[in-house]
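First up is the structure itself, then whatever we jot down about it.
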Amino acid sequence: MAFMENAYKTAREQYAELGVDTEAAMRTLAEISISLHCWQGDDVGGFESAAGLTGGGIQATGNYPGKARNADELRADLDKTLSLVPGKHRVNLHAIYLETGGKKVDRDQITPEHFSRWIAWAKQRGLGLDFNPTFFSHPLAADGFTLASADESIRKFWVRHAQACRRIGAAFGRELHKPCVTNVWAPDGFKDTPADRLTPRVRLEKSLDELFAEKIDPAHNLDALEGKLFGLGLESYTVGSHEFYLGYAVKHQKLLCLDAGHYHPTETIADKISAVLMHVPEILLHVSRGVRWDSDHVVTLTDDLREIAQELVRGHFLARTHIGLDFFDASINRIAAWTIGVRSMQKTLLLALLEPTAKLKAMEDAGDLTSRLGLLEESKLLPAGAVWNEHCLRNNVPVGAHWMEAVRQYEEKVLSHR
């Protein structure tokens, strides 16, 4: 412990020489909530039926033992994860994670009551909840179209589902006194090249107008829209592209969701943040790690993730940004996957908060690009690890790799018996 205290003292002094206050950085980091996605814990199965979810282009690969089989197990796994990461966070639910007591409830009939146990759990722990309609893996999504369906009865069904989800999100916000971000992502599209790209988008716009018609207090619910480049079985055309939703979000002042895996391989969302926030009030980030495609790998401390965090800090965008994780890996311990993801996101945010941003901007404004590059490179080896360890100590969570032993014990005592 004394070694860590001395390491932090040295780090604090080194950063101070560059005008960086490590105490202020940790205070800011402590205020940032990460939204943990529930679907990592059960491989995107949900609790709609005992059979789980099949089809629809959503798949988690791997068969590591111990996945959550019901909502109680999933909540217990989330509790364990939250005990291993510093700070107070949120949980992101999909509509298929409802609890109906074994009764069949179709998606256009779901209500806040079906999530009452999630609300009670979150309230007891002081957590916020976020929400998502589930527009996949359903008989009425079998042809690849939901909100943009040419079948009016099907389109209306999915509009009702989205309307129900917004009301559930509002109930989350009212009960927990923290706004719920309800994110609309509909994977409508064609496997092969369409002859008509416009008409499905006209139908999607109509559906969005209808589902957003009900006015909901933004203190309770915030609406977000998420585009995508392609999906499994939708390789050639996605109705809800980035450009489509960007235009709609700007026109109607909705939140725009930027998912790290939903663009061309050479695109990064870090460069989009400042551009988008010039025109929409807030953004939602879905932080993922694509490997060759939108494969939703566990978030790690990569250059891409560092650039996202840097942009949020350098542009003073943290207050206008909602950060959520979005990956599902069934090849490793699922609690470890969550823990690695959250801690990696927090580490990159801390690195950005410890950057000598004021000096870098002053050099840039003065046209001294040589010094800017030199300081950027030198700052990469400053002792941020000592500050991270101090942050973990103050939040009473495991320091360094010690969290892995806690996960291993949980696996032996709990997961191995499932």
Side-chain angles (χ1 to χ4, degrees), residues 29-42 45-48 68-103 105 107 109-134 161-183 214 216-224 255 282 284 286 318-319 321-326 334-335 338-339 341-342 345-346 395-397 410 414:
L29 182 62
E31 296 172 357
I32 302 173
S33 293
I34 310 297
S35 195
L36 281 73
H37 54 311
C38 71
W39 49 93
Q40 165 59 42
D42 78 324
F47 310 126
E48 207 171 36
R69 299 167 297 183
N70 54 58
D72 286 330
E73 290 182 350
L74 184 57
R75 284 188 283 264
D77 292 352
L78 283 162
D79 277 334
K80 187 61 185 179
T81 301
L82 291 166
S83 74
L84 301 175
V85 298
K88 185 69 71 173
H89 300 288
R90 306 174 63 84
V91 170
N92 193 8
L93 298 173
H94 246 282
I96 54 173
Y97 288 83
L98 76 174
E99 294 173 272
T100 66
K103 298 179 181 178
V105 178
R107 293 186 195 172
Q109 299 299 314
I110 60 175
T111 69
E113 180 61 28
H114 299 126
F115 296 88
S116 60
R117 297 185 68 205
W118 282 106
I119 294 172
W121 174 80
K123 184 179 294 186
Q124 186 179 41
R125 288 153 180 77
L127 305 173
L129 291 176
D130 296 314
F131 203 53
N132 307 262
T134 305
H161 172 60
Q163 291 169 332
C165 289
R166 293 183 72 228
R167 295 177 191 127
I168 292 168
F172 289 171
R174 280 193 304 272
E175 291 289 329
L176 302 174
H177 307 292
K178 299 175 182 179
C180 168
V181 179
T182 299
N183 183 49
E214 181 181 351
I216 294 179
D217 189 342
H220 300 149
N221 182 76
L222 298 169
D223 298 309
L255 277 67
E282 300 176 22
L284 168 64
H286 273 191
L318 287 170
T321 303
H322 305 265
I323 303 173
L325 303 181
D326 186 4
R334 295 165 184 82
I335 293 161
W338 265 322
T339 305
V342 178
M345 185 70 243
Q346 290 180 299
N395 282 271
N396 299 310
V397 300
Y410 188 78
V414 180

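Computation of the quantities below employed the complete heavy-atom set of this structure, encompassing side-chain atoms and omitting hydrogens, waters and symmetry-equivalent molecules.
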Can you tell me how far the [atom1] atom of [X] sits from the [atom2] atom of [Y], to the nearest 0.5 Å?
{"X": "D223", "Y": "C180", "atom1": "CG", "atom2": "SG", "value": "9.5 Å"}
{"X": "W118", "Y": "Y97", "atom1": "CH2", "atom2": "OH", "value": "8.5 Å"}
{"X": "I110", "Y": "T100", "atom1": "CD1", "atom2": "OG1", "value": "11.0 Å"}
{"X": "L93", "Y": "T182", "atom1": "CG", "atom2": "OG1", "value": "10.5 Å"}
{"X": "K123", "Y": "L176", "atom1": "NZ", "atom2": "CG", "value": "6.5 Å"}
{"X": "D42", "Y": "L74", "atom1": "CG", "atom2": "CG", "value": "6.0 Å"}

Close side-chain approach of [X] to [Y], heavy-atom, < 4.5 Å:
{"X": "K88", "Y": "L127", "value": "yes"}
{"X": "V85", "Y": "L36", "value": "no"}
{"X": "L98", "Y": "F47", "value": "no"}
{"X": "H37", "Y": "W338", "value": "yes"}
{"X": "V91", "Y": "L129", "value": "yes"}
{"X": "W39", "Y": "T134", "value": "no"}
{"X": "R125", "Y": "D79", "value": "yes"}

Practice problem: Have a look at H322 and tell me which of V181, D130, I34, N92 forms a side chain to side chain contact (heavy atoms under 4.5 Å, CB included) with it. | Solution: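 When side chain to side chain contact (heavy atoms under 4.5 Å, CB included) is applied between H322 and each of V181, D130, I34, N92, only V181 qualifies.
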
Practice problem: For T111, check side-chain contact (heavy atoms from CB on, under 4.5 Å) against everything at least two apart and list the hits. | Solution: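 E113, H114.
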
Exercise. May I ask you to say whether R334 pairs ionically with E73, meaning some side-chain N is under 4.0 Å from a carboxylate O?
Key: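 Salt bridge between R334 and E73, a charged N being under 4.0 Å from a carboxylate O: no.
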
Quiz item: Is it true that D217 and R174 have a side-chain N and a carboxylate O under 4.0 angstrom from each other?
Solution: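 No, this pair does not count.
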
Work out which heavy atom in [X] is nearest to a heavy atom in [Y]; give both atom names and the distance.
{"X": "A219", "Y": "P179", "value": "O-CG, 3.5 Å"}
{"X": "G341", "Y": "L325", "value": "C-CD1, 3.8 Å"}
{"X": "I119", "Y": "E175", "value": "CG2-CB, 3.7 Å"}
{"X": "R75", "Y": "W121", "value": "CD-CG, 3.4 Å"}
{"X": "C165", "Y": "P133", "value": "SG-CA, 3.5 Å"}

Practice problem: Would you please test K80 and D77 for salt bridge (charged side-chain N to carboxylate O under 4.0 Å, His left out) and show each step? | Solution: CA-CA 5 Å; K80 187 61 185 179; D77 292 352; over 6 Å; no

Quiz item: Is the backbone of R117 close enough, under 3.5 Å, to the side chain of E99 for a donor and an acceptor to pair up by distance?
Solution: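 Here the side-chain-to-backbone pair does not exist.
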
